[in-house]
Amino acid sequence: MSGLEIERKFLVKKGGAYKRSAFSSSHIQQGYIPADGATVRIRVRDDKAFLTIKSRSNNGGLSRYEFEKEITLDEARHLLQLCRGGVIDKHRYLVQSGDHVFEVDEFHGNNDGLVMAEVELRNETENYEKPDFLGPEVTGDPHFYNSNMLANPYSAWKALVPEEYR
């Protein structure tokens with residue numbers, strides 16, 4: 001897959017309503033290979049693996065170019081050894097809301113307690129139905145970039161997040 005990625009990110013209210021609404025879930029581990037001007041991610045999602053390259057984001061973090069290619073699990077295991085700062089560990093829940101699917105990530109390890117949702121859009125002004133569990137939008141806030149959470153984990157700054165989302 002290649003093209004422009006347009007997404008919005010949100011905090012998720014405590015209580016687990018997203019889990020009860022999910023039609024699918026998976027376990028994800030991902031790491032980042034150092035690169036200037038781009039984010040290079042290696043991801044293992046259940047029994048599949050992917051190499052993803054993303055450009056710097058535009059429009060306050062709303063959009064950026066993305067290239068993604070499926071790779072073998074063996075290739076991913078070798079590439080994960082090149083990643084700096086460890087691996088992000090999370091469970092992802094897919095929740096249908098109107099015509100869109102929200103990806104809700106529940107983080108583990110040093111990011112334990114953080115739950116965020118993303119929705120991908122076809123254009124920057126596209127309307128979407130917000131599920132009841134969505135909280136404030138955090139699109140463009142570098143704290144919530146997975147690539148930043150290895151060096152600056154949620155455990156170090158969770159006091160900045162309102163109590164109802166911790």
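Quick note: numbers below take in every heavy atom, side chains included, and nothing from hydrogens, waters or symmetry partners.
- E68 places no side-chain N or O within 3.5 Å of a backbone atom of E70 that could act as its donor or acceptor partner.
- S155 contributes a side-chain N or O that, together with a main-chain N or O of N110, makes up a donor-acceptor pair within less than 3.5 Å.
- Listed for the S57 side chain is no donor-acceptor partner under 3.5 Å among the backbone atoms of R64.
- Applying the side chain to side chain donor-acceptor pair (under 3.5 Å) rule to R45 yields the partners S26; only residues at least two apart in sequence or on another chain are considered.
- Under the 4.5 Å side-chain heavy-atom criterion for Ile, Leu, Val, Met, Phe, Trp and Tyr, F133 and V138 are members of distinct hydrophobic clusters.
- When every heavy atom of C83 is checked against every heavy atom of I42, the shortest pair comes out as SG-CG1, 4.2 Å.
- Using a 4.5 Å cut-off on side-chain heavy atoms (C-beta onward), I28 and R43 make contact.
- Tracing side-chain contacts under 4.5 Å through hydrophobic residues (I, L, V, M, F, W, Y), one never reaches V40 starting from M149; they form parts of separate clusters.
- Counting only heavy atoms from C-beta outward, the side chains of N146 and M116 approach each other to under 4.5 Å.
- For the salt bridge (Lys or Arg N to Asp or Glu O under 4.0 Å) condition, the pairs that include at least one residue of residues 98-108, sequence neighbours left out, are K19-E106, K90-D105, R92-E103, R92-D105.
- L73 and I88 fall into different hydrophobic clusters, where Ile, Leu, Val, Met, Phe, Trp and Tyr are joined by side-chain heavy atoms under 4.5 Å apart, directly or via other members.
- Between A76 and V44 the shortest heavy-atom distance is CB-CG2, 3.8 Å.
- Listed by first then second residue, pairs satisfying ring-ring contact (aromatic ring centres under 6.0 Å, His included) with a partner in residues 6-48 read Y18-Y93, H27-H91, not counting sequence neighbours.
- I71 and I33 fall within a single hydrophobic cluster, where Ile, Leu, Val, Met, Phe, Trp and Tyr are joined by side-chain heavy atoms under 4.5 Å apart, directly or via other members.
- Residues L62 and L4 share a single hydrophobic cluster, defined by chaining ILVMFWY side chains whose heavy atoms lie under 4.5 Å apart.
- Taken to the nearest 0.5 Å, the CD1 atom of I6 stands 12.0 Å off from the OG1 atom of T139.
- T125 meets the side chain to side chain contact (heavy atoms under 4.5 Å, CB included) test with N123; sequence neighbours excluded.
- Looking only at side-chain heavy atoms (C-beta outward), F107 and D112 stay at 4.5 Å or farther from each other.
- In the displayed structure, R166 atom CZ is contacted under 6.0 Å by more than 12 heavy atoms of other residues, nucleotides or ligands.
- Among all heavy-atom pairs drawn from L134 and F102, the shortest one is CD1-CE2, 3.6 Å.
- In the displayed structure, H108 atom NE2 is contacted under 6.0 Å by more than 12 heavy atoms of other residues, nucleotides or ligands.
- Side-chain contact, H100 with E120: no donor N or O sits under 3.5 Å from an acceptor N or O.
- Applying the side chain to side chain donor-acceptor pair (under 3.5 Å) test to K130 and every residue at least two apart in sequence or in another chain returns nothing.
- A salt bridge is absent between E164 and K14: the closest approach of a Lys/Arg side-chain nitrogen to an acidic carboxylate oxygen does not fall below 4.0 angstrom.
- When the shell of 6.0 Å around CG of D132 is examined, it contains 12 or fewer heavy atoms from other residues, nucleotides or ligands.
- Nearest approach of T72 to A49, heavy atoms of both residues: O-CB, 3.8 Å.
- No side-chain heavy atom of V115 sits under 4.5 Å from any side-chain heavy atom of L11.
- Of all heavy-atom pairs between N111 and P153, the closest is OD1-CA, 3.3 Å.
- For the residue pair I53 and A38, the shortest heavy atom distance occurs at CG2-CB, 4.1 Å.
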* Let me see the working for Y145 and K9 under side chain to side chain contact (heavy atoms under 4.5 Å, CB included), right down to the final yes or no. => CA-CA 10 Å; Y145 293 174; K9 291 184 177 195; 4.2 Å; yes
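- Of the inter-residue distances, the one linking E75 atom CD with L80 atom CG reads 12.0 Å to the nearest 0.5 angstrom.
- Listed by chain and residue number, Y165 satisfy the side chain to side chain contact (heavy atoms under 4.5 Å, CB included) test with K13 (two or more places apart in sequence, or in another chain).
- A donor-acceptor pair under 3.5 Å links the side-chain atoms of E126 to the main chain of R122, judged by distance alone.
- Checking side-chain atoms of W157 against main-chain N and O of H143 turns up no donor-acceptor pair under 3.5 Å.
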* To do: Kindly indicate, with the supporting measurements, whether the criterion side chain to side chain donor-acceptor pair (under 3.5 Å) is fulfilled by E124 and S63.
  => CA-CA 8 Å; E124 294 176 4; S63 62; 3.1 Å; yes
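- Side chain of S55 to backbone of Y65: a donor-acceptor contact under 3.5 angstrom is found.
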* To do: Check step by step if salt bridge (charged side-chain N to carboxylate O under 4.0 Å, His left out) holds for E118 and R8.
  => CA-CA 6 Å; E118 297 178 356; R8 293 189 175 277; over 6 Å; no
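- A donor-acceptor contact shorter than 3.5 Å is absent between the side chain of K54 and the backbone of F67.
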